[in-house]
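Worksheet: one structure, shown below.
Below, each value reflects all heavy atoms present in this structure, side chains not excepted, and no hydrogens, waters or symmetry copies. For ligands, and for the atoms within them, numbers begin at 1 and follow the listed sequence. Heads up: numbering here begins at 1 and tracks the sequence.
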Amino acid sequence: MTGTTLDDYTDRYARRMRGMTASEIRALFAVASRPEVVSLAGGAPYVAALPLDAVGEMLGKLATDHGPTTLQYGIGQGTLELRERICEVMALSGIDVGCGASPEDVVVTVGGQQALDLVARIFLDPGDVVLAEGPTYVGALGVFQAAQAQVVHVPMDGDGIVPEALEQAIVEVARSGRRAKFLYTIPTFQNPAGVTLTEERRERVLDICERAGLLVVEDDPYGQLSFDGDAPAPLRSRRRDGVFYLSTFSKTFAPGMRVGWILAPHAVREKLVIASEAQILCPSAYAQAAIATYLATMPWREQLKAYREIYRERRDALLDALAGLMPAGTTWTEPKGGLFVWATLPEGLDAKAMMPRAIAARVAYVPGTGFYADGTGAGHMRLNFSFPPPERIREGVRRLAGVMEQELAM
Ligand code: PMP
């Protein structure tokens with residue numbers, strides 16, 4: 001072709017792309033992954049703690065042991081074998097047959113991320129409101145933005161989402177003539193705040209949502225990574241109607257597998273499968289066989305314990321370092337599980353503006369602004385403790401404290 005060039009695509013993009021910008025966090029990871037930088041920015045599980053030789057051997061034999069089905073297309077909902085195993089995993093947290101959990105109502109997804117996207121796809125029209133904790137998971141914000149939904153944040157305190165604030169947000173959204181479709185919540189070891197919704201509040205939050213006719217999307221990647229005794233039982237174990245339970249093998253096994261799931265109310269399961277088939281046809285047969293075999297033949301409960309112990313030690317290292325080194329006026333959460341601590345900076349410090357100085361001092365974190373739909377949160381930062389070993393965590397906090405002291409002196 002002559003005379004035509006396609007060098008400008010800007011007026012061709014779909015409207016939904018307008019709000020979609022590169023995630024601050026992903027841009028950060030490129031810099032933060034340089035070896036001289038102590039990265040407290042990531043969210044990666046410490047997969048080196050897996051028995052890599054044994055996992056390798058298991059993977060090597062998958063196709064021969066399970067036959068060609070591991071290399072074939074499968075059904076959109078995911079294999080029955082894996083859905084049964086998923087039910088065993090959920091039963092450990094109290095989501096069992098007693099509360100209506102069944103392989104029939106499980107949809108296997110490509111990580112928890114696709115699970116979120118599916119829920120958004122089947123429920124959200126442009127302009128719909130999603131209520132979500134403030135701060136919330138950055139990947140969920142991306143999904144809701146792609147669905148052209150509006151996120152209304154509900155504040156948390158050390159006990160999780162504040163029920164009175166939730167009630168108020170519901171009233172305000174209704175008063176503004178908009179429609180809130182669901183509450184998106186990470187009640188246990190929240191990302192990024194590291195807080196857990198208390199037992200008492202779990203009941204209240206469920207009651208409030210039920211009264212308001214609001215669905216609950218419970219995202220629970222971290223519930224099984226508890227360090228100090230069991231976490232409160234998931235919302236889904238208390239209520240079966242109107243609650244969608246999302247989880248993933250990313251944090252309990254390996255994110256490279258990209259396998260997660262949704263336990264959906266029975267009436268909705270079929271819609272999720274249809275939406276998933278339109279998106280991906282079916283989840284990877286190979287990855288599903290790998291997870292099912294891992295759960296059937298390897299000591300996965302022991303592995304979970306190993307992850308917990310490693311992360312507990314790293315959490316302690318981070319909390320000790322913060323207590324010993326942070327400038328006065330800094331506060332932080334003390335998570336009982338999961339991967340993250342949320343720190344609040346002394347008055348006047350801006351975590352986003354400080355980032356280039358922190359990188360120059362060879363330490364990285366995620367500024368709080370990434371976790372709010374409206375870009376607020378600059379007075380906070382998320383610190384990860386799952387990936388760096390304890391001595392690197394201490395060194396990272398030492399560098400960070402130095403940068404903060406300098407900023408305060410400016
Ligand atoms: N939800 C939350 C709260 C998360 O933190 C993550 C991963 N960081 C996910 C969902 C998605 O995880 P994945 O797609 O790896 O399963």
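The nearest heavy-atom contact from the protein to atom 3 (C) of ligand 1 is D219 OD2, 3.3 Å. Distance from atom 11 (C) of ligand 1 to its nearest protein heavy atom, with residue and atom name: Y137 OH, 3.5 Å.
Between F249 and the options W261, Y307, Y294, a ring pair (Phe, Tyr, Trp, His ring centres under 6.0 Å) holds for only W261.
Counted by atom type alone, Q190 and T196 present zero donor-acceptor pairs between their side chains at under 3.5 Å. Side-chain contact, Y137 with Q113: a donor N or O sits under 3.5 Å from an acceptor N or O. R85 and T293 share no side-chain donor-acceptor pair at under 3.5 Å.
Every atom of ligand 1 with a heavy atom of Y222 under 4.0 Å away is listed here by number and element: 4 (C), 5 (O), 8 (N). Every atom of ligand 1 with a heavy atom of G111 under 4.0 Å away is listed here by number and element: 14 (O), 16 (O). Which parts of ligand 1 touch S250 is read off a 4.0 Å heavy-atom cut-off, strictly below it: atoms 13 (P), 15 (O), 16 (O). The atoms of ligand 1 that sit less than 4.0 Å from any heavy atom of G112 are 13 (P), 14 (O), 16 (O). Near T248, with a cut-off below 4.0 Å to any heavy atom, the atoms of ligand 1 are 13 (P), 16 (O). Taking a cut-off of under 4.0 Å to the non-hydrogen atoms of I186, the atoms of ligand 1 that pass are 3 (C).
For P221, the closest heavy-atom approach to ligand 1 falls below 4.0 Å. For the pair F249 and ligand 1, no heavy-atom separation below 4.0 Å is found. R258 counts as a contact of ligand 1, since one of its heavy atoms falls under 4.0 Å from the ligand. Under a 4.0 Å heavy-atom criterion, K251 is in contact with ligand 1.
The aromatic rings of F385 and F227 sit perpendicular to each other, their planes meeting at more than 60°, with 30° as the lower class boundary.
Of the N or O atoms in P255, none lie within a sub-3.5 Å distance of an N or O in ligand 1.
A salt bridge between R392 and E395 is absent, with no side-chain N of the basic residue lying under 4.0 Å from a carboxylate O of the acidic one. At a threshold of 4.0 Å, the pair R239-E218 does not count as salt-bridged, since none of the basic side-chain nitrogens sits closer than that to a carboxylate oxygen. A salt bridge does not link D128 to R179: none of the charged nitrogens lies less than 4.0 Å from a carboxylate oxygen. Using a cut-off of 4.0 Å between Lys/Arg side-chain N and Asp/Glu carboxylate O, R315 and D320 are scored as not salt-bridged.
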